[in-house]
Amino acid sequence: MDAVGASLEWPERRGSLAVAVKGDGGRTLRCVLPFEAVPGEFRLLRRAVRSTLGEWGFLGAADEVELVVTELATNVMKHVGEGASATLVLEPRGTRLRVELHDKSPVAPKRDGVGDYEQECGRGLHLVASMSVDWGTLITETGKAVWCEVSVVTDALCVRAQRAWTVLGGYRELLGARLPLQASRSKVNQQVAVTLIADLLVWLTLQGNDPDEALCRAQQLYEAGEAA
């Protein structure tokens, strides 16, 4: 299993966000979060962003990314329309995190210019630009995508967290585990991780290995990583 993509699916209650995860055969971590541009969704969107960054080992950048996401989502609500459908995409790229906000309007925002739209939208884009290494706009077949790239710290712990997240994505599929509302997401992920550890211990035992020794070695690796 080489890749994980996460996408929010609407449960029965339209105003809530839920998460589904699947593997797609690539090696890139990618999180796709559809939402509606209304104030009540933004809090849930920020929560999903923070949870995902934590799982990828980028929690240190969560405050900055949440602010960028809020500004981009607010621009959609103000200038595309309240309730407009939009999609947030997060994708790690080396020492940067790519943030894309897709909507169905082909009108590209401008950071400077005349007119109420450009002036109001420009203030938000100035903030996004000041917090980003780079940013821009792409016109798509269905509208546009406003994107930016935020610097993140990539160390051994981040690599380990991303490897674990990649494996868990495929393992959830094998278990048929569904991620419910966002508030319960961490508990489901924890349960899947524990089940994976237990299954690995069974596999080691069947191979003639000592599971207690494996747990001890894993603990030593974990502590060595924490110390580093």
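Every value quoted in this text rests on a predicted model; they were computed, and no experiment measured them.
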Enquirer: For the CZ atom of Arg163 and the SG atom of Cys158, what is their distance to the nearest 0.5 Å?
Expert: 11.5 Å
Enquirer: Check whether Leu174 and Leu200 end up in the same hydrophobic cluster, where Ile, Leu, Val, Met, Phe, Trp and Tyr are linked by side-chain heavy atoms less than 4.5 Å apart.
Expert: yes
Enquirer: Quick one: pull up OG in Ser85 and NZ in Lys104 and give me the separation to the nearest 0.5 Å.
Expert: 4.5 Å
Enquirer: Between CD of Glu41 and CD of Glu82, what distance do you get to the nearest 0.5 Å?
Expert: 11.0 Å
Enquirer: Starting from Leu206 and following side-chain heavy-atom contacts under 4.5 Å between hydrophobic residues (I, L, V, M, F, W, Y), which residues can be reached?
Expert: Val202
Enquirer: May I ask you to test the Val146-Asn75 pair for a side-chain heavy-atom distance under 4.5 Å?
Expert: no
Enquirer: If you take all heavy atoms of Thr140 and Ala145, which pair is closest and at what distance?
Expert: CG2-N, 4.2 Å
Enquirer: Keeping the roles fixed (side chain from Ser130, backbone from Leu127), state whether a donor-acceptor pair exists under 3.5 Å.
Expert: yes
Enquirer: I'd like to check Cys31 versus Val89 (side-chain heavy atoms, cut-off strictly below 4.5 Å). Are they in contact?
Expert: no
Enquirer: List the residues meeting salt bridge (Lys or Arg N to Asp or Glu O under 4.0 Å) with Asp134, not counting sequence neighbours, and say none if there are none.
Expert: none
Enquirer: Supply the atom-to-atom distance Leu90 CG to Leu97 CG, rounded to the nearest 0.5 angstrom.
Expert: 5.5 Å
Enquirer: Nearest 0.5 angstrom please: Leu44 CG to Phe35 CZ, how far?
Expert: 11.5 Å
Enquirer: Show your reasoning for whether side-chain contact (heavy atoms from CB on, under 4.5 Å) applies to Leu221 and Arg160.
Expert: CA-CA 11 Å; Leu221 286 173; Arg160 285 185 171 183; 4.1 Å; yes
Enquirer: Which heavy atom of Met77 sits nearest to which heavy atom of Pro39, and what is that distance?
Expert: SD-CD, 3.5 Å
Enquirer: Please lay out, stage by stage, how Leu45 and Leu88 fare under the test side-chain contact (heavy atoms from CB on, under 4.5 Å).
Expert: CA-CA 9 Å; Leu45 190 63; Leu88 175 68; 4.0 Å; yes
Enquirer: How long is the span from the NE2 atom in His102 to the CG atom in Leu72, to the nearest 0.5 Å?
Expert: 11.0 Å
Enquirer: Are Val49 and Trp147 in one and the same hydrophobic cluster, where Ile, Leu, Val, Met, Phe, Trp and Tyr link if side-chain heavy atoms are under 4.5 Å apart?
Expert: no
Enquirer: Compare every heavy atom of Leu53 with every heavy atom of Ala62, then report the nearest pair and how far apart it is.
Expert: CA-CD1, 3.7 Å
Enquirer: Would you confirm whether Thr52, through its side chain, and Ala48, through its main-chain N or O, come within 3.5 Å as a donor-acceptor pair?
Expert: yes
Enquirer: With sequence neighbours left out, what residues match Thr70 under side chain to side chain donor-acceptor pair (under 3.5 Å)?
Expert: Arg46
Enquirer: Checking Ser105 now: which residues fulfil side-chain contact (heavy atoms from CB on, under 4.5 Å) with it, not counting sequence neighbours?
Expert: Val80, Asp103, Val107, Lys144
Enquirer: Do Ser132 side-chain atoms and Trp135 backbone N/O form a donor-acceptor pair below 3.5 Å?
Expert: no
Enquirer: If I compare all heavy atoms of Ala73 with all of Leu101, which pair ends up nearest, and what's the gap?
Expert: N-CG, 4.5 Å
Enquirer: Which residues pass the side-chain contact (heavy atoms from CB on, under 4.5 Å) test with Thr195, sequence neighbours left out?
Expert: Tyr171, Leu175, Gln191, Asp199
Enquirer: For a 4.5 angstrom cut-off between non-hydrogen side-chain atoms, does Thr87 reach Leu33?
Expert: no
Enquirer: If hydrophobic clusters are built from ILVMFWY residues whose side chains come within less than 4.5 Å, do Leu59 and Trp56 share one?
Expert: no
Enquirer: Is Gln162 close to Trp165 at the side-chain level, that is, under 4.5 Å between some pair of heavy atoms?
Expert: no
Enquirer: Should side-chain heavy atoms under 4.5 Å link Ile, Leu, Val, Met, Phe, Trp and Tyr, which residues sit in the same cluster as Val133?
Expert: none
Enquirer: Does this structure show an ion pair linking Glu149 with Arg96, if we count only N-O contacts that are shorter than 4.0 Å?
Expert: yes
Enquirer: Just to verify, what does Pro106 make a side-chain contact (heavy atoms from CB on, under 4.5 Å) with, not counting sequence neighbours?
Expert: none
Enquirer: For Met131 and Leu67, work out which heavy atoms get closest and say how close.
Expert: SD-CD2, 3.4 Å
Enquirer: Which atom pair, heavy atoms only, marks the closest approach of Ala61 to Ser151?
Expert: CB-O, 4.4 Å
Enquirer: Using the test side chain to side chain donor-acceptor pair (under 3.5 Å), find all partners of Glu213 that sit at least two apart in sequence or belong to another chain.
Expert: none
Enquirer: My understanding is that only residues two or more places apart in sequence, or in another chain, count here; which of them pass side chain to side chain donor-acceptor pair (under 3.5 Å) with Arg217?
Expert: none
Enquirer: Could you tell me which residues satisfy side chain to side chain donor-acceptor pair (under 3.5 Å) with Glu66, sequence neighbours excluded, listed by chain and number?
Expert: Arg50
